[in-house]
Amino acid sequence: MLDLKFVRSNIDVIKEMIRNRGYDLDISKFEALDLQRRQRLTELEELRYRRNVVSEQVADMKKKKEDASGVIAEMKEVSSTIKEMEKDLPQFVEALEQLLMFIPNIPHESVVVGKDEKDNPVIRSWGDAPKMDFTPLPHWEIGENLDILDFTRAAKLAGTRFALYKGQGARLERALINFMLDIHTKEHGYTEILPPFMVNTASMTGTGQLPKFKDELFKIEGWDFYLIPTAEVPVTNIYREEILDEDVLPIYHVAYTPCFRSEAGSHGKDTRGLTRQHQFNKVELVKFTRPEESYTELENLTRNAEEILKRLNIPYRLISLCTGDLGFSAAKTYDIEVWLPGQGLYREISSCSNFCDFQARRAGIRFRPKGGNKTELVHTLNGSGLAVGRTVVAILENYQQADGSVVIPEALRPYMGGDKLISKKE
RNA sequence: GGAGAGAUGGCCGAGUAGGCUGAAGGCGCUCGCCUGCUAAGCGAGUGUAGGGCGAAAGUUCUACCGAGGGUUCGAAUCCCUCUCUCUCCGCCA
């Protein structure tokens with residue numbers, strides 16, 4: 001959410017930004033609504049002022065044993081008017097807030113203005129595609145051949161977009177989670193968090209999943225619980241409505257959680273394999289920083305995520321999302337895309353964003369600067385470090401061999417009981 | 001699930017026969033003084049959000065004592081509902 005006063009005095013900047021992002025959002029009502037709201041608020045506050053003054057008079061008169069019944073009768077009228085106006089005002093506040101909630105974040109000046117993913121500039125690439133003298137298979141075939149992935153039975157258990165991992169497959173997923181958590185906690189200085197996997201409406205609103213992205217969420221029937229679509233939600237909301245000491249910043253958190261997404265808008269897309277599931281595992285990096293250092297922190301966070309792929313020796317490229325492809329709350333986003341030889345394409349495995357104060361404003365996450373007493377909003381950042389299921393995809397496709405077996409990346413072997421190879425059991 | 005206690009400012013903690021209590025006191029923090037350094041001491045200041053006026057510093061008004069309703073001229077204080085925390089009992093991974 002943007003600052004109301006900022007929007008009020010920069011309405012043209014906002015309109016241009018909305019255009020650059022390719023959003024279809026009409027904010028022409030904003031000014032009138034804002035004005036109406038303020039007028040009514042002023043009227044109401046004047047009446048309340050009067051009530052307060054007269055109430056004091058009543059207290060005085062009673063003390064002096066004077067008759068206050070005339071004033072009291074008059075105030076009865078005023079009070080009922082106040083009550084009516086108090087019932088009336090929230091409509092305007094809510095309407096304005098609704099409008100404000102649907103205005104996306106302002107992209108950083110370094111973000112390229114573009115239409116869609118074709119306009120995303122590549123920032124850098126790392127690693128070489130493995131040389132294969134055979135036709136590489138997509139991971140779902142590799143996994144099913146090795147009997148470590150079973151999509152048919154997963155569909156029986158739950159439905160489409162679910163996976164059943166078996167044996168070395170299940171272990172590989174678990175190994176990756178530990179591998180990633182260990183690097184981020186021991187080497188990159190993040191504090192591990194294990195949060196609830198369900199959160200309430202207030203949390204979903206705090207990070208911006210609600211109200212705009214309601215359709216993407218799974219809700220528990222009869223409860224104010226939503227399954228989290230990413231650890232970003234519970235972890236960012238840890239400090240919701242809090243004022244932090246400046247000393248504690250920056251805060252680095254890393255959390256492993258499963259993520260649950262309806263994938264409502266992607267019917268028929270990526271229907272095969274692990275790529276797009278209703279439930280998947282992710283290790284998420286979250287940062288809370290001072291405003292002036294958030295862009296440096298974004299670079300660091302992105303490199304922390306890249307480091308995982310370097311250790312696993314998986315080729316990838318880093319792209320920067322253009323205005324047309326940028327997420328609603330983000331001011332700047334880097335996507336890390338891994339090379340998948342089995343499918344012959346690059347696939348997003350991590351998305352690292354700086355939200356600046358956009359999430360913090362809505363969630364009320366502030367800090368008190370040393371020396372000053374005015375509170376400021378923190379900047380929030382997050383990025384996948386990494387999506388675990390897609391990392392399995394990348395390993396299977398990049399480390400596959402002609403005989404159908406899959407070499408386990410060296411860095412991961414300590415987490416796989418020393419095994420070097422996943423091969424078919426005879 | 002049953003019985004009871006509680007929720008106040010960045011933190012701790014006063015405040016119920018409703019009326020200058022935005023809220024005592026303490027801690028913390030900021031500025032100044034003092035001390036050779038450290039520690040201690042002294043003085044002043046220090047909530048959040050929103051509106052009006054002001055170029056700004058600022059000033060003024062309104063709201064906020066877990067949340068939402070109600071009673072009243074007037075509610076942190078009375079009533080109702082909800083949420084959360086704690087203690088005891090029961091049940092359970």
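So you know, we letter chains A, B, ... as the sequences are listed, proteins then strands, and number each from 1. Since we're looking at a predicted model, the values are computed, not measured.
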Sugar-phosphate, base or nothing in reach of A:Val58, heavy atoms under 4.0 Å: base
Between protein and nucleic acid, restricted to nucleotides 66-71 of chain B and to nitrogen or oxygen atoms under 3.5 Å apart, what atom pairs and distances do you find?
| residue | atom | partner | partner atom | Å |
| --- | --- | --- | --- | --- |
| B:U71 | OP2 | A:Lys83 | NZ | 3.4 |

A:Thr185 side chain to A:Glu192 side chain, donor-acceptor N/O pair below 3.5 angstrom: no
Set of side chain to side chain donor-acceptor pair (under 3.5 Å) partners for A:Ser294, sequence neighbours left out: A:Asn354, A:His379
Set of side chain to side chain donor-acceptor pair (under 3.5 Å) partners for A:His108, sequence neighbours left out: A:Ser110
Output the rounded distance in Å from [atom1] ([X]) to [atom2] ([N]).
X	N	atom1	atom2	value
A:Gln57	B:C20	CD	C1'	14 Å
A:Ile82	B:U72	CD1	C1'	13 Å
A:Asn200	B:U83	CG	C1'	10 Å
A:Glu46	B:A63	CD	C1'	15 Å
A:Ile72	B:G19	CD1	C1'	12 Å

Nucleotide of B:U62, B:U48, B:G74 approaching A:Asn52 most closely (side-chain heavy atoms): B:U62
Partner of [N] by Watson-Crick or G-U wobble geometry, both contacts under 3.5 Å, or none?
N	answer
B:A75	none
B:C37	none
B:G68	B:C80
B:A57	none
B:C20	none
B:A93	none
B:U87	B:A3
B:G45	B:C29

Contact under 4.0 Å: A:Ser79 side-chain N or O vs B:U72 OP1/OP2: no
Could you tell me whether [X] and [Y] have a side-chain N and a carboxylate O separated by less than 4.0 Å?
X	Y	result
A:Lys15	A:Asp26	no
A:Asp419	A:Arg413	no
A:Arg38	A:Glu43	no
A:Lys166	A:Asp150	no
A:Arg366	A:Glu242	no
A:Lys332	A:Glu109	no

is_close_aromatic(A:Phe218, A:Tyr226), centroid dist under 6.0 Å: no
RNA chain B-proximal residues of residues 356-367 of chain A, any heavy atom under 4.0 Å: A:Arg366
Please output the side-chain donor-acceptor pairs of residues 383-395 of chain A that fall under 3.5 Å, not counting sequence neighbours, one pair per line with the distance.
| residue | atom | partner | partner atom | Å |
| --- | --- | --- | --- | --- |
| A:Ser384 | OG | A:Ser351 | N | 3.2 |
| A:Arg390 | NE | A:Thr275 | O | 3.0 |
| A:Arg390 | NH1 | A:Glu348 | O | 2.8 |
| A:Arg390 | NH2 | A:Thr275 | O | 3.0 |
| A:Thr391 | OG1 | A:Ala387 | O | 2.6 |

Reading 5' to 3' through nucleotides 50-57 of chain B, protein heavy-atom contacts under 4.0 Å coded B for base, S for sugar-phosphate only, - for none: BSS-----
Residues A:Glu307, A:Arg303; criterion salt bridge (charged side-chain N to carboxylate O under 4.0 Å, His left out); working and verdict: CA-CA 6 Å; A:Glu307 183 62 25; A:Arg303 290 197 185 271; over 6 Å; no
